[in-house]
Amino acid sequence: MFSAILLVTAGGVTALGLIAISIKDLPAWSEEKLLSSASTSIYDQNGNLITRVGEENRIPVGLKDIPKHVQEAFLAIEDVRFYQHHGVDIRGIARAAWTDITGGSIQEGASTITQQLAKLSFLSQERTFKRKIQQVILALILERHYTKDEILEMYLNKVYFGEGAYGIQSAAETYFNKPARDLTLSEGALLAGLVQAPSAYDPFLNPEGATRRRNLVLENMARYGFITPEQAAQARAIQLDDMLKPGQGRQYPYPYFVDYVTEELVNQYGSEQVFKGGLRVYTTLDPKIQDAAEKALSDPRNFPASVRDSQGILQPEGAAVVLDPHTGYIKAIVGGREHTHRLQWNRATMAPGRQPGSTFKPIIVYGPAVEYKGMGPASVIDDIPVTYGNYNPRNYDGRYRGLVTMRTAIAKSINVVAVRVLMEHVGIADALKFARGLGINLNPDTHGPSIALGGLHEGVTPLQMAAAYGAFANQGIYLEPTAITRVEDASGHVMYEYQPKPFQAMKATTAYLITDMLKTVIESGTGTNARIGRPAAGKTGTSDQGKDLWFAGYTPELVGVVWIGYDKPRAMPHEFGGRYPALIWRQIMTRALQNTPVQDFPRPPGIVSATVDSKSGLLPGPNTPPQDMVTDLFAQGTVPTRVDDTHVLVELCATTGQLASQYCPERITRVMIKLPYNVPSFVEDYAQRVPSTVCTLHTAREPAPATESPEQPAQQGQPGQTGKPGEVVPESPGQLNPGEQTQDSNQLPGPQGQTGEKRGPSQAPGGETNPGLRWFGHQKWSP
């Protein structure tokens with residue numbers, strides 16, 4: 001008994017002490033704080049003020065201009081006994097206190113509308129017993145100074161609704177493009193449901209969650225007698241798409257960049273500090289580059305034929321990011337063609353992103369091939385039909401070019417070669433390791449061979465791709481991108497300062513060799529629309545059925561990535577990354593680099609030049625013809641030491657083109673390619689390869705009339721028919737991971753049922769775009 005009395009006494013003393021401390025530290029009373037607070041100022045890279053975010057998006061409105069059913073929606077979900085209590089709801093406090101005591105921490109609020117107004121005006125967001133006591137005291141003071149209607153009016157004009165909207169009037173304009181006095185029951189219930197967690201219930205980003213929350217408000221209104229069950233049912237039946245009409249709100253400069261910075265700040269410091277704390281935020285924004293990007297993305301001539309969807313959004317959409325690869329500073333962000341409301345969906349930065357198509361090849365295939373396997377621009381891969389389990393990669397144009405160099409494969413975006421390099425040289429484990437060093441983390445359990453063509457389980461954002469490509473432009477050093485360099489509080493004290501953390505993601509020689517191959521993409525490959533009259537490297541990308549169009553490119557100074565696609569992925573079968581995205585990239589970079597001296601990518605030590613056989617990748621041998629020699633770049637130590645032995649002298653029957661027998665009356669000797677396997681006759685260098693059969697026309701008996709010629713082969717092998725004459729399958733066929741799709745995510749319908757990435761405008765259907773380049777040249781033999 002004595003122990004119980006002692007415990008109660010000690011508890012009482014502790015409580016009294018806590019109350020005394022809370023009263024002593026009570027914030028100073030100020031009527032101004034009930035109505036206003038400090039905005040956050042955002043500055044560009046030069047220290048010039050861009051805009052202020054926070055209280056400026058507040059439009060005060062009188063309670064008489066807020067419909068009764070809207071007021072009641074807030075009472076039903078936030079404080080149904082508002083007009084009965086005196087600032088504190090004892091029942092609610094008792095319930096919350098029991099929950100907090102049994103849980104051992106502050107878990108439940110039970111704050112009345114008066115208490116919420118006190119917290120919003122005077123207190124921080126910390127969840128402590130001291131702050132709760134101060135909130136109660138301030139609420140009692142408020143109730144003595146103001147009427148219930150005045151308190152409710154101040155609350156509705158002060159509370160945050162998300163999307164940068166403070167107060168009921170700004171919220172009505174932001175979500176429904178109408179004044180508060182015209183809000184319907186369903187609209188009012190939606191807004192009332194937002195104030196508990198504006199980000200979680202944002203109807204633009206989480207329509208399902210917002211709908212559930214609105215319906216809960218309507219149920220409460222019916223339960224407490226504000227509306228009838230029939231009215232609640234009618235309001236619930238209204239779809240969000242029929243309600244939401246994003247308004248223009250208060251316009252501000254460079255909205256997508258400002259939105260990104262605002263979200264980063266909110267994630268770090270919370271909405272109260274950001275929108276009310278008077279922060280000073282210094283950013284990496286380059287107004288000239290941002291303006292160029294916004295103009296390019298808003299020009300309808302830079303997009304395929306467009307239509308507006310059910311929400312009035314222009315489709316297809318687009319996004320772009322530009323950053324400095326040497327610092328990681330983001331210079332420009334554009335997350336859509338039109339900016340309609342604060343903190344709207346930012347397609348440039350928000351996960352999960354989209355399928356990158358062939359822009360992923362340097363990251364997942366060719367980068368690790370050079371870094372880990374000593375391969376390079378002159379490495380040779382056979383572009384022929386292959387099978388890995390049930391996966392059969394196809395080229396975009398239905399062609400199989402035969403033996404090609406890696407430089408050619410990248411420039412022409414040859415899909416089969418990319419998959420073969422991944423599966424037969426690099427391996428998925430090393431590929432994912434390399435991508436991880438470039439800031440892209442992928443689950444090995446959900447990715448197989450199609451990852452070579454950008455077939456990802458989820459996707460990547462333009463910001464992620466720009467940061468990854470930045471390492472190629474920065475001699476292999478990866479820097480995490482940032483838009484904020486410094487944050488100061490209202491008193492000028494530094495709260496944050498950016499400290500770069502460079503990571504050597506690859507050797508400088510690897511970055512240079514990838515860059516040099518990607519220069520060929522723009523000079524004569526699928527990305528010629530991105531030519532800007534100065535050194536530049538880049539890669540086109542087109543995902544499955546043209547649902548995503550990409551161009552990722554860079555100069556020695558800047559990296560830029562452009563994406564185009566429908567918000568709800570939809571095929572664009574006649575479009576490809578080398579068209580509109582490349583054109584947008586060219587427009588942005590041309591303006592961004594205006595008056596910037598032209599310079600080339602710096603060549604690091606350890607890069608050498610050598611001449612090799614373009615059909616074997618080995619040193620030229622005694623039979624290597626001049627047209628099959630190529631001079632290219634290598635990382636020191638990777639120049640081959642073996643001499644080509646694939647070019648051999650072959651004696652052919654002059655009539656049939658088959659290997660000559662002792663009975664052939666006329667024979668010719670040719671230099672041909674001899675490999676330990678055969679290829680189908682539709683492979684484009686088929687005629688350069690040693691025939692697999694001996695002449696059957698000329699025998700010891702009387703020769704029969706000729707029925708075929710080298711130009712009309714007797715057999716036409718088809719891809720995917722394993723074991724038939726002229727067919728080839730890798731010695732160690734790859735296996736797909738469980739659940740791997742057989743359709744590659746980078747394939748488009750092509751000729752004769754083949755699929756692949758769309759051909760760039762510079763590519764002629766029948767051959768190379770620039771035969772004068774030695775790494776492209778080859779001479780077909782015909783008898």
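One-based numbering along the sequence shown.
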A side-chain contact here means heavy atoms from C-beta on lying under 4.5 Å apart; do Pro203 and Leu194 qualify? yes
Which value, rounded to the nearest 0.5 Å, describes the distance between Thr509 atom OG1 and Phe634 atom CZ? 13.0 Å
Any donor and acceptor pair, going by atom type alone, linking the side chain of Asn474 with main-chain N or O of Pro325 inside 3.5 Å? yes
Between Val598 and Pro535, what is the shortest heavy-atom contact and its length? CG1-CD, 3.7 Å
Determine yes or no for a side-chain-to-main-chain donor-acceptor pair under 3.5 angstrom, with Arg407 supplying the side chain and Asp516 the backbone. yes
Sub-4.5 Å side-chain heavy-atom contact between Asp286 and Val322: no
Using side-chain heavy atoms (C-beta onward) and a distance below 4.5 Å, is Leu432 in contact with Ile364? yes
Strictly under 6.0 Å, is that where the ring centroids of Phe257 and His339 end up? no
Could you note down all residue pairs passing side-chain hydrogen bond (donor to acceptor under 3.5 Å, both in side chains) where residues 560-569 supplies at least one of them, sequence neighbours left out? Gln315-Asp567, Arg347-Asp567, Asp548-Trp563
Working note: Thr555 + Met589, criterion side-chain contact (heavy atoms from CB on, under 4.5 Å); need CA distance, chi angles, decisive distance, verdict. CA-CA 9 Å; Thr555 68; Met589 299 300 271; 4.1 Å; yes
What's the separation between atom CH2 in Trp585 and atom CG in Leu558, rounded to the nearest 0.5 Å? 9.0 Å
Answer yes or no: is there a side-chain heavy-atom contact under 4.5 Å between Tyr469 and Lys539? yes
Is a side-chain N or O of Gln355 found less than 3.5 angstrom from the main chain of Leu456, in a donor-acceptor match? yes
Between the CD1 atom in Ile289 and the CD1 atom in Ile588, the distance rounded to the nearest 0.5 Å is 10.0 Å
On a heavy-atom basis, the closest approach of Ile333 and Ala348 is CG2-CB, 3.9 Å
What distance do Lys433 atom NZ and Ile428 atom CD1 have between them, rounded to the nearest 0.5 Å? 16.0 Å
Sub-3.5 Å donor-acceptor pair from the side chain of Lys507 to the main-chain atoms of Glu371, do we have one? yes
Test log, rule side-chain contact (heavy atoms from CB on, under 4.5 Å), inputs Phe576 and Thr540: CA-CA 8 Å; Phe576 48 96; Thr540 57; over 6 Å; no
Reported CG-to-CD distance for the pair Asp324 and Glu557, which is rounded to 0.5 angstrom: 9.0 Å
Go through the steps to decide whether Gln268 and Gln273 satisfy the test side-chain hydrogen bond (donor to acceptor under 3.5 Å, both in side chains), and finish with yes or no. CA-CA 10 Å; Gln268 181 66 32; Gln273 179 83 327; over 6 Å; no
Thr283 side chain near Tyr329 side chain, heavy-atom distance below 4.5 Å: no
Can any side-chain N or O of Asp202 pair as donor or acceptor with the backbone N or O of Phe204 at less than 3.5 Å? yes
Does any non-hydrogen side-chain atom of Leu442 lie less than 4.5 Å from one of Glu458? no
Working note: Thr515 + Tyr554, criterion side-chain hydrogen bond (donor to acceptor under 3.5 Å, both in side chains); need CA distance, chi angles, decisive distance, verdict. CA-CA 9 Å; Thr515 295; Tyr554 54 96; 2.7 Å; yes
Report yes if the side chains of Met517 and Met406 come closer than 4.5 Å at any heavy-atom pair, otherwise no. yes
Determine, step by step, whether Tyr252 and Asp259 satisfy the side-chain hydrogen bond (donor to acceptor under 3.5 Å, both in side chains) criterion, reporting the C-alpha distance in whole Å, the side-chain angles of both residues, the deciding distance to 0.1 Å, and the verdict. CA-CA 10 Å; Tyr252 48 99; Asp259 283 356; 2.5 Å; yes
Which atoms form the tightest heavy-atom contact between Val258 and Pro253, and what is the distance? CG2-O, 3.4 Å
Pairwise side-chain contact, Arg280 with Val487, heavy-atom cut-off 4.5 Å (strictly under): no
Using the six-membered ring wherever Trp is involved, compare the ring planes of Tyr166 and Phe275 and label them parallel, tilted or perpendicular (cut-offs 30° and 60°). perpendicular
Taking all atoms of both residues into account, what is the closest heavy-atom pair of Asn302 and Ala296, and its distance? ND2-O, 2.9 Å
Decide yes or no on side-chain hydrogen bond (donor to acceptor under 3.5 Å, both in side chains) for Ser306 and Arg337, but give the supporting numbers first. CA-CA 11 Å; Ser306 304; Arg337 298 173 65 177; 2.9 Å; yes
I'd like to know if the side chain of Thr485 reaches the main chain of Tyr498, judged simply by a donor and an acceptor atom lying under 3.5 Å from each other, with no hydrogens or angles considered. no
Run the salt bridge (Lys or Arg N to Asp or Glu O under 4.0 Å) check on Asp299 and Lys295 step by step: do they pass? CA-CA 6 Å; Asp299 189 343; Lys295 286 183 177 178; over 6 Å; no
Between the side chain of Thr542 and the main-chain N/O of Gly577, is any donor-acceptor distance below 3.5 Å? yes
Under the side-chain contact (heavy atoms from CB on, under 4.5 Å) rule, what do Asp430 and Phe434 come out as? Steps first, then yes or no, please. CA-CA 6 Å; Asp430 277 345; Phe434 189 84; over 6 Å; no
Among side-chain atoms of Ser413 and Thr526, is any donor-acceptor pair under 3.5 angstrom? no
Thr359 (side chain) donor-acceptor with Pro356 (main chain) under 3.5 angstrom: yes
What is the minimum heavy-atom distance between Ala483 and Val261, and which atoms define it? CB-CG2, 4.0 Å
Run the salt-bridge test on Asp600 and Lys519 with the 4.0 Å N-O cut-off and return the result as yes or no. yes
Gly328 backbone acceptor or donor facing Glu480 side chain under 3.5 Å: no
Stepwise ring-ring contact (aromatic ring centres under 6.0 Å, His included) check, Phe503 with Tyr478: CA-CA 5 Å; Phe503 172 70; Tyr478 174 83; 7.3 Å; no
Look up atom CG in Leu279 and atom CZ in Arg486, then write down how far apart they are to the nearest 0.5 Å. 13.0 Å
Treating Asn346 as the side-chain partner and Met350 as the backbone partner, does any N or O pair qualify as donor plus acceptor under 3.5 Å? no
How far apart are the closest heavy atoms of Val370 and Gly376, and which atoms are they? CG2-CA, 4.4 Å
Within 6.0 Å of CD in Gln599, more than 12 heavy atoms from elsewhere: yes
Within 6.0 Å of CZ in Arg308, more than 12 heavy atoms from elsewhere: yes
List the steps and the verdict of side-chain contact (heavy atoms from CB on, under 4.5 Å) for Thr482 and Glu264. CA-CA 10 Å; Thr482 185; Glu264 291 287 292; over 6 Å; no
